[in-house]
Undergrad: 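Sending over a structure as structure tokens; questions will come in a sec.
Each chain gets a letter, A, B and so on, in the order the sequences are listed, and its residues count up from 1.
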Number of protein chains: 2
Amino acid sequence: MILAVTEGTPRILTIASPADGTAYGHNALPWGPLDPRTDRTLERTLRSWVARQSRLALGYVEQLYTFDEGRAGEGLRRITVTYLALVQEQAIPQAGAGWRDVYAFFPWEDWRDGRPGVIDDALLPALNTWLARLSDLQQAEQERERVDIHFGVNGAPWVPERVLERYELLYQAGLIPEAGAERQPAFGRPMALNHRRVVATALSRLRGKIKYRPVVFELLPPRFTLWQLQQVAEALAGMSLHKQNFRRLVEQGGLVASTGEFAYDTGGRPAQLFRFRRRVLRERPAPGVGLPGGVS
Amino acid sequence: MILAVTEGTPRILTIASPADGTAYGHNALPWGPLDPRTDRTLERTLRSWVARQSRLALGYVEQLYTFDEGRAGEGLRRITVTYLALVQEQAIPQAGAGWRDVYAFFPWEDWRDGRPGVIDDALLPALNTWLARLSDLQQAEQERERVDIHFGVNGAPWVPERVLERYELLYQAGLIPEAGAERQPAFGRPMALNHRRVVATALSRLRGKIKYRPVVFELLPPRFTLWQLQQVAEALAGMSLHKQNFRRLVEQGGLVASTGEFAYDTGGRPAQLFRFRRRVLRERPAPGVGLPGGVS
DNA sequence: ACCCTTTATGCTCAACCCTAGTATAAGTGA
DNA sequence: TCACTTATACTAGGGTTGAGCATAAAGGGT
């Protein structure tokens, strides 16, 4: 999965999916078979494969999860290894390929404008119906607890990084079109195969990682304003942050250094341009951008 | 990799390694080929495989990293998918199998009795020699920075969870017997193939996860004293913690609840027996055991 | 020139949390 | 009984965070 954040919108690179048995026209993540003749490591193979397909040079790359796709002939299995790459958005010449808003696939994950309405209007009612239909009462109680924990019900807080847990819950509840459910906007745009699950995994990882690793900077140009930085952080975290405090955390945390230059196209007072202070890596144990309590 | 913590010692299950081309008699992690006839998911296959081999019923299981082992015939590759499982130690009937102290493989990672001597006596001198021999000066500077950051040199703090980064650095510097280096006690006991790298990956993950997920409890019996809990946390983190503060964090964090029972075999005042408060999962966003600043 | 709007940035106060202790409780064995 | 060990309670001080107020510096309209 290749992710970029442009003007506050997190976008992933998708390709047109061929018929995959379940539906037609779903978005798909770029993928392909491994060519055993190429490089020695999986990651190198990935990089050269992407370079050939899309002319994108991947910077940050991280392995996500490996799936077993089942038997593939005599004593063999087909395995899918998934990766996350962070880039800066860039035109893709390939037909059918394009950048799509991540939150189109997960409408309930974007809390930047407050709690999304779909949660109370569609997801929770549907989950409750599912719970009510479970015949095994003990299992129903366990599943109710999962719903509470992951969807922040009954006093539980909403935890942004539980993206995958929420997706799996919806999947198990039979609410996800990829699992055969009827397609409804509230449950997000479907993707080919298990690709939406891969995106959920990536988002979970990223939301966790952002707090202790300076990954956001991979998504920004070398020089940026603090507001740009904050917008990227907010886009990934899916929540709004207190501007002055964000600034303080990032500046006092030594994550950025001023370049002395200014951006005048802000619409108000010009903003200083900053750069990532690479040295922070050796100064602080877990240099991430703070994600303090959200703000509506 | 199967991990248990017994009386403050973190131990992994190892089996005797057959000749693997590099050496004989190295420890190996339990592993085996996937049988395509078995279960649908990798994790299930893993569980049933372990159950058959060692009669251990795995509780917590987490996928780690997937390695590409290279070509395996016409258009195929051999892939290794690695897992971490947490259990409670238990006798293993199998010949050649046994539990081994993790820190025998990574002597530099155990800071519970203060900074390990091997770091200054052996690792840093060897790393410096390696740096001095690099001909590309710019690369040498970069590598020096990596050493600083990961080994806590020149004002950088020691960050426990960078286990993998440290191992890779030592590996690249040619100091690891698995890479052909001469075997020296300071660089830890070697393992078969790339198994030590797998252990390093697991330890990194675990040290990171312990702070925001209540994974420690998987390694403890249902009832435990706070001191037992602290010892497990210290064993994984590789550092000593302030007893009173640890107690406060864990108790006030709602991670445990008293059972009303006491353990009288402490050697002093009897200790209350606690149990894990599962409900904390829905109360707090990131319920891990706090790892405040270390204590010598 | 002046005012209004917009965004950037500086600063402060109070609540909270963690660190590093001291102090006390309740067992054991000599 | 005392000396010792471990468990547990409590606290003063420093640092961090949350939330908001205040000021700076641009553009546009009059």
Undergrad: Given atom CD of Gln272(A) and atom C1' of dA25(D), what is their separation to the nearest angstrom?
TA: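 From Gln272(A) CD to dA25(D) C1': 13 Å.
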
Undergrad: Does Asn154(A) have any side chain to side chain donor-acceptor pair (under 3.5 Å) partners at least two apart in sequence or in another chain, and if so, which?
TA: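 Here the qualifying residues are Asp148(A).
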
Undergrad: Any side-chain N or O of Lys243(A) below 4.0 angstrom from OP1/OP2 of dA8(C)?
TA: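 Yes, Lys243(A) has a side-chain N/O under 4.0 Å of OP1/OP2 on dA8(C).
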
Undergrad: Apply the salt bridge (charged side-chain N to carboxylate O under 4.0 Å, His left out) test between Arg207(B) and each candidate in Glu165(B), Glu161(B), Glu234(B), Glu109(B); give the one that qualifies.
TA: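 Exactly one option meets the salt bridge (charged side-chain N to carboxylate O under 4.0 Å, His left out) with Arg207(B), and it is Glu109(B).
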
Undergrad: Taking 4.0 angstrom as the limit, do Glu145(B) and Arg278(A) come out as a salt bridge?
TA: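 No salt bridge links Glu145(B) with Arg278(A).
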
Undergrad: Ignoring hydrogens and angles, answer whether the base of dT22(C) and the side-chain atoms of Gln244(B) contain a donor-acceptor pair closer than 3.5 Å.
TA: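 A donor-acceptor contact between them is present.
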
Undergrad: Nearest to the side chain of Ala271(B), which nucleotide is it out of dG18(D), dA8(C), dA7(D)?
TA: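 Per side-chain heavy atoms of Ala271(B), the pick is dA7(D).
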
Undergrad: Expressed as a whole number of angstroms, how long is the span from Phe246(A):CZ to dT16(D):P?
TA: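 That distance rounds to 18 Å.
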
Undergrad: In whole angstrom, give the distance that lies between atom CD of Gln228(B) and atom C1' of dT6(D).
TA: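 My rounded result for the distance is 13 Å.
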
Undergrad: Show me, pair by pair, the donor-acceptor contacts under 3.5 angstrom made by side chains of residues 116-128 of chain A, not counting sequence neighbours?
TA:
from: Asp120(A); atom 1: OD1; to: Arg115(A); atom 2: NH2; distance (Å): 3.3
from: Asp120(A); atom 1: OD2; to: Arg115(A); atom 2: NE; distance (Å): 2.9
from: Asn128(A); atom 1: OD1; to: Arg144(A); atom 2: NH1; distance (Å): 3.4
from: Asn128(A); atom 1: ND2; to: Leu124(A); atom 2: O; distance (Å): 3.2

Undergrad: Kindly give the heavy-atom pair with the smallest separation between Val147(A) and Val153(A), and that separation in Å.
TA: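 It is O-CG2, 4.2 Å.
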
Undergrad: Among dT8(D), dA20(C), dT17(D), which nucleotide sits nearest the side chain of Leu249(A)?
TA: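 Output: dT17(D).
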
Undergrad: Rounded to the nearest Å, what distance is computed from the CZ atom of residue Arg247(B) to the C1' atom of nucleotide dG21(C)?
TA: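 Computing the Arg247(B):CZ to dG21(C):C1' distance gives 17 Å.
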
Undergrad: I want to verify a distance call: between dA7(D), dT7(C), dG18(D), whose nearest atom is closest to the Arg248(A) side chain?
TA: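 So the side chain of Arg248(A) is nearest to dG18(D).
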
Undergrad: Each nucleotide in nucleotides 25-30 of chain C should get exactly one letter: B, S or -. Can you fill that in based on protein heavy atoms under 4.0 Å?
TA: BBB---

Undergrad: Would you indicate whether the side-chain heavy atoms of Leu236(A) and Leu219(A) approach each other to under 4.5 Å?
TA: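 Touching, per the 4.5 Å side-chain cut-off.
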
Undergrad: Is it true that Arg197(A) and Glu168(A) have a side-chain N and a carboxylate O under 4.0 angstrom from each other?
TA: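 Here Arg197(A) pairs with Glu168(A) in a salt bridge, since their nearest N and O are under 4.0 Å apart.
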
Undergrad: Can you check the Gln252(A) CD to dT17(D) P distance for me, whole Å?
TA: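 So the two atoms are 9 Å apart, to the nearest Å.
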
Undergrad: In whole Å, what is the span from the NE2 atom of His242(B) to the P atom of dT11(D)?
TA: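 Whole-Å distance recorded here is 16 Å.
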
Undergrad: Given atom CG of Leu226(A) and atom C1' of dG10(C), what is their separation to the nearest angstrom?
TA: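 The answer, rounded to whole Å, is 13 Å.
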
Undergrad: Using whole Å, what does the distance between atom P of nucleotide dA19(D) and atom CG of Leu241(A) come to?
TA: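 These atoms are roughly 12 Å apart.
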
